[in-house]
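Keep in mind that the numbers below use all heavy atoms, side chains included, and drop hydrogens, waters and symmetry copies. Numbering of ligands and ligand atoms starts at 1, following listing order.
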Amino acid sequence: MEKLNKVFRTAQLAAIDKYTIEHEPVSSLDLMERAAGIWTDRFLKIFTEVAGVVVIAGNGNNGGDGYAIARLLNRRGVPVRVFRIAGTQDRSPDCEANYRRWLTRGKVEELKQADDLVLQKGEIVIDAIFGSGLNRPVTGLAARIIKQMNASVNRVVAVDIPSGLAGEDNTWNDPETIVCAEYTFTFQFPKLAFMLAENEKYVGRWEVLDIGLHPEIIARQPTDWFYTTEDTVKAILPPSPVFAHKGTNGKGLLIAGSYGMMGAAVLGAKAAVRSGIGLLYCHIPGKGIEVIQTTVPEAIPDPDESAERFSAVCKLRDYDAIAVGPAIGQGPETVGGLEKLLRTWRGTTILDADALNIIAEHRELLDLLHEGCILTPHMKEFERLAGKSVNDFERLNKLSIFANQYRVHIVLKGAHSVIATPDRRLFFNMSGNPGMAKGGAGDVLTGVLLALAANKLNLLDLLRIGVFAHGLAGDCVAEKEGRRGCCAGMIAERMGEAWKRLEK
Ligand SMILES: NC(=O)C1=CN([C@@H]2O[C@H](COP(=O)(O)OP(=O)(O)OC[C@H]3O[C@@H](n4cnc5c(N)ncnc54)[C@H](O)[C@@H]3O)[C@@H](O)[C@H]2O)[C@H](O)CC1
Ligand SMILES: [K+]
């Protein structure tokens with residue numbers, strides 16, 4: 001059974017918490033104790049040599065976690081200092097209980113001004129000022145303390161969410177008053193803000209800790225946001241048919257390359273033939289036949305009448321899917337070729353790179369998009385299609401609106417590539433690494449998606465599987481060769497290894 005990895009709005013979390021407390025049943029204080037225990041264990045697994053920690057605790061439940069973590073770390077022999085911020089509101093009941101429990105082991109120093117926060121060399125700061133209950137930008141003394149924390153050289157680890165960061169929209173937030181953590185260990189669900197590249201400086205590396213919130217309420221709470229992990233993909237990847245022949249594995253057409261730009265076609269084709277396609281046809285400019293035949297002998301060349309570029313697909317065979325765009329250029333014949341293709345072929349169509357640039361320039365082509373279309377833009381290509389955004393959050397909204405308006409699936413490629421569906425759901429991908437941010441990596445993804453589409457998987461499944469597998473192949477490269485040396489050709493080569501890891 002597929003486990004839906006959900007991302008909730010922070011405003012929904014209290015209800016999930018409450019249901020768990022009522023139905024597990026567990027007291028809220030015990031739930032906090034469990035969360036703090038799991039947090040502490042994970043912290044000590046990652047941070048093996050801790051000279052000492054400084055916990056900065058707020059007055060909400062995030063602060064309550066902080067006092068509990070202080071106690072649990074102290075019990076494990078870690079030297080702990082605890083600070084609270086002067087003059088703020090009353091502590092929540094569970095925060096109060098943990099504050100008192102801590103007082104039996106140590107003292108709480110009050111920060112009356114930012115300068116009172118004096119950190120010793122090597123002390124790790126545990127940020128437990130604000131959590132998911134933050135409902136406005138941080139101001140006043142707490143803001144000055146956060147600035148002081150960010151100015152220090154000490155490492156900072158956040159409890160649940162860096163203090164000051166809103167779980168979703170940070171458009172109106174003050175970047176100066178958000179904690180910049182090196183690590184964030186978050187409870188049960190990643191927050192949407194963690195998925196956006198612009199927040200990496202606050203969140204650092206992050207991990208989700210399962211604190212056992214009630215599965216029934218998790219299943220029942222609605223959301224449009226999900227994330228894809230190895231487990232998701234293993235659950236939805238269909239097994240390879242036992243009695244397969246090349247016909248059952250599907251027939252796909254890759255339209256890519258132009259004279260002097262054949263690399264994109266080669267990379268896409270290599271990735272497709274390593275991703276389970278039965279028969280791959282490569283529509284390339286007339287002069288590109290030899291390149292394809294020598295580099296990807298498995299592919300069948302389908303040369304264009306033009307020697308140098310894509311102008312038209314003369315024969316539309318019984319393809320199961322077509323991918324078009326990598327390095328085709330944007331010349332007038334190519335625009336005509338793309339338009340004709342969109343008018344005559346209404347099956348699964350993956351539109352990438354120059355195909356998207358052409359559509360952005362010739363906006364009447366937008367009307368030819370249909371429900372079988374998958375668009376795979378990177379950020380710049382998406383901006384050409386949908387306009388500029390002030391930040392990643394706004395871009396995400398635009399993405400979802402665009403997919404809905406044109407009834408298409410879109411993969412916005414980036415650190416956490418995100419799939420947008422026509423019904424406005426978003427699926428964030430969890431594989432991949434910065435070493436993959438290299439020319440040609442997108443062409444490889446196009447080939448992977450073409451292969452899966454030819455296998456006749458439904459669009460959402462094929463996108464979740466393909467995007468994850470592509471990232472996983474990049475991770476396989478990085479594991480063996482490092483990130484710097486990772487290049488698109490290596491990702492294509494390692495697709496087989498990624499599939500092996502995902503197949504049951
Ligand atoms: N997810 C779970 O099931 C569990 C979560 N835990 C922890 O609880 C916090 C959320 O706790 P909550 O008390 O709701 O919120 P905060 O700790 O973030 O406290 C906010 C507190 O401060 C007030 N406030 C909000 N914004 C501001 C502001 N800008 N300036 C000043 N004050 C502000 C607000 O009114 C609240 O009173 C979650 O993150 C987890 O760490 C449980 O411990 C385990 C279960
Ligand atoms: K925090």
Side-chain angles (χ1 to χ4, degrees), residues 6-24 26-40 43 55-69 72 83-99 125-146 149-150 156-167 170 172-174 177-191 193-194 202-204 206 208-215 217-218 221:
K6 292 181 166 182
V7 177
F8 291 110
R9 284 170 176 72
T10 44
Q12 292 173 282
L13 299 178
I16 298 174
D17 223 1
K18 183 166 174 277
Y19 185 98
T20 304
I21 289 161
E22 283 166 12
H23 292 78
E24 185 170 332
V26 58
S27 72
S28 63
L29 192 59
D30 285 345
L31 183 60
M32 187 177 276
E33 190 69 15
R34 181 156 91 200
I38 292 167
W39 197 98
T40 304
F43 172 79
V55 177
I56 307 180
N59 291 333
N61 287 338
N62 195 253
D65 293 335
Y67 289 115
I69 288 165
L72 298 174
F83 287 103
R84 69 183 193 84
I85 299 171
T88 39
Q89 67 198 91
D90 291 346
R91 281 180 283 275
S92 72
D94 292 342
C95 182
E96 182 66 26
N98 274 306
Y99 168 77
V125 180
I126 295 183
D127 158 37
I129 305 173
F130 298 111
S132 57
L134 186 88
N135 48 28
R136 57 190 187 279
V138 180
T139 53
L141 180 57
R144 292 195 292 280
I145 288 167
I146 288 175
M149 283 164 75
N150 288 343
V156 178
V157 183
V159 178
D160 200 27
I161 182 168
S163 297
L165 185 72
N170 282 280
W172 305 112
N173 210 340
D174 176 356
T177 62
I178 304 172
V179 165
C180 295
E182 177 187 332
Y183 246 103
T184 298
F185 299 112
T186 197
F187 296 129
Q188 200 81 42
F189 313 105
K191 319 303 179 241
F194 296 6
Y202 311 121
V203 184
W206 57 268
V208 176
L209 303 179
D210 186 343
I211 58 165
L213 295 180
H214 208 291
I217 184 73
I218 297 175
Q221 272 284 328

Novice: Hey, could you give me the CG/CD1 distance between N62 and I129, rounded to the nearest 0.5 Å?
Specialist: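 Spacing of CG (N62) from CD1 (I129) equals 9.0 Å.
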Novice: So, is I129 placed with an N/O/S atom under 3.4 Å from the K ion (ligand 2), counting both backbone and side chain?
Specialist: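 No N, O or S atom of I129 is closer than 3.4 Å to the K ion (ligand 2), so no.
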Novice: Just verifying a value: how many Å separate I126 CD1 and I56 CD1, rounded to the nearest 0.5 Å?
Specialist: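 The CD1 atom of I56 is 10.0 Å from CD1 of I126, to the nearest 0.5 Å.
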Novice: Dump the intermediate steps for side-chain contact (heavy atoms from CB on, under 4.5 Å) on Q188 and I16, then the final yes or no.
Specialist: CA-CA 10 Å; Q188 200 81 42; I16 298 174; over 6 Å; no
Novice: I'd like to know if the side chain of R34 reaches the main chain of V26, judged simply by a donor and an acceptor atom lying under 3.5 Å from each other, with no hydrogens or angles considered.
Specialist: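 Flag not set: sc R34 to bb V26 has no pair under 3.5 Å.
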Novice: If the K ion (ligand 2) is the vertex, what is the angle to OD1 of N62 and O of F130, rounded to 10 degrees?
Specialist: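 Between OD1 of N62 and O of F130, the angle at the K ion (ligand 2) is about 70°.
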Novice: Counting only N and O atoms by type, is there a donor-acceptor contact under 3.5 Å from the side chain of D160 to the main-chain atoms of F187?
Specialist: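 Indeed, once roles are kept as given, a pair shorter than 3.5 Å links the two residues.
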Novice: Measure from the K ion (ligand 2) to every N/O/S atom of D127 and report the name of the nearest one.
Specialist: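 The closest N, O or S atom of D127 to the K ion (ligand 2) is O.
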Novice: Angle class for the H214/Y19 ring planes (parallel below 30°, perpendicular above 60°, tilted otherwise)?
Specialist: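 The arrangement is perpendicular - the two ring planes meet at more than 60°.
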Novice: Side chains of T10 and K191: any donor to acceptor distance under 3.5 Å?
Specialist: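 Judged by distance alone, the side chains do not pair up.
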Novice: Quick check on the K ion (ligand 2): does V159 put an N/O/S atom closer than 3.4 Å to it?
Specialist: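 Of the N, O and S atoms in V159, at least one lies under 3.4 Å from the K ion (ligand 2), which means yes.
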Novice: Minimum heavy-atom separation for P137 and W172, please, with both atom names.
Specialist: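 Residues P137 and W172, closest heavy atoms: CG-O, 4.1 Å.
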Novice: Tell me the angle that O of I161 and OG of S163 form around the K ion (ligand 2), rounded to 10°.
Specialist: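 An angle of 100° at the metal.
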Novice: Distance-only, no hydrogens or angles: does the D127 side chain make a donor-acceptor pair with backbone N or O of S163 under 3.5 Å?
Specialist: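 A pair under 3.5 Å: yes.
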Novice: Is there any protein N/O under 3.5 Å from an N/O of ligand 1, and what does the full list of such pairs look like?
Specialist:
unit_1   : atom_1 : unit_2 : atom_2 : d
ligand 1 : 3 (O)  : D17    : OD1    : 2.6
ligand 1 : 3 (O)  : D17    : OD2    : 3.4
ligand 1 : 13 (O) : N61    : N      : 2.9
ligand 1 : 15 (O) : G133   : N      : 3.3
ligand 1 : 17 (O) : N61    : N      : 3.2
ligand 1 : 17 (O) : N62    : N      : 2.8
ligand 1 : 18 (O) : G131   : N      : 2.6
ligand 1 : 18 (O) : G131   : O      : 3.4
ligand 1 : 18 (O) : G133   : N      : 3.0
ligand 1 : 26 (N) : N135   : N      : 3.1
ligand 1 : 26 (N) : N135   : OD1    : 3.1
ligand 1 : 29 (N) : R136   : O      : 2.7
ligand 1 : 29 (N) : P137   : O      : 3.2
ligand 1 : 37 (O) : Q89    : NE2    : 3.3
ligand 1 : 39 (O) : S132   : N      : 2.8
ligand 1 : 39 (O) : S132   : OG     : 3.3
ligand 1 : 39 (O) : D160   : OD2    : 2.6
ligand 1 : 41 (O) : N62    : ND2    : 2.8
ligand 1 : 41 (O) : D65    : OD2    : 2.5
ligand 1 : 43 (O) : D65    : OD1    : 2.4
ligand 1 : 43 (O) : D65    : OD2    : 3.2

Novice: Verify the distance test for G58 against the K ion (ligand 2): any N/O/S atom under 3.4 Å, yes or no.
Specialist: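 No - counting backbone and side chain alike, G58 has no N, O or S atom under 3.4 Å.
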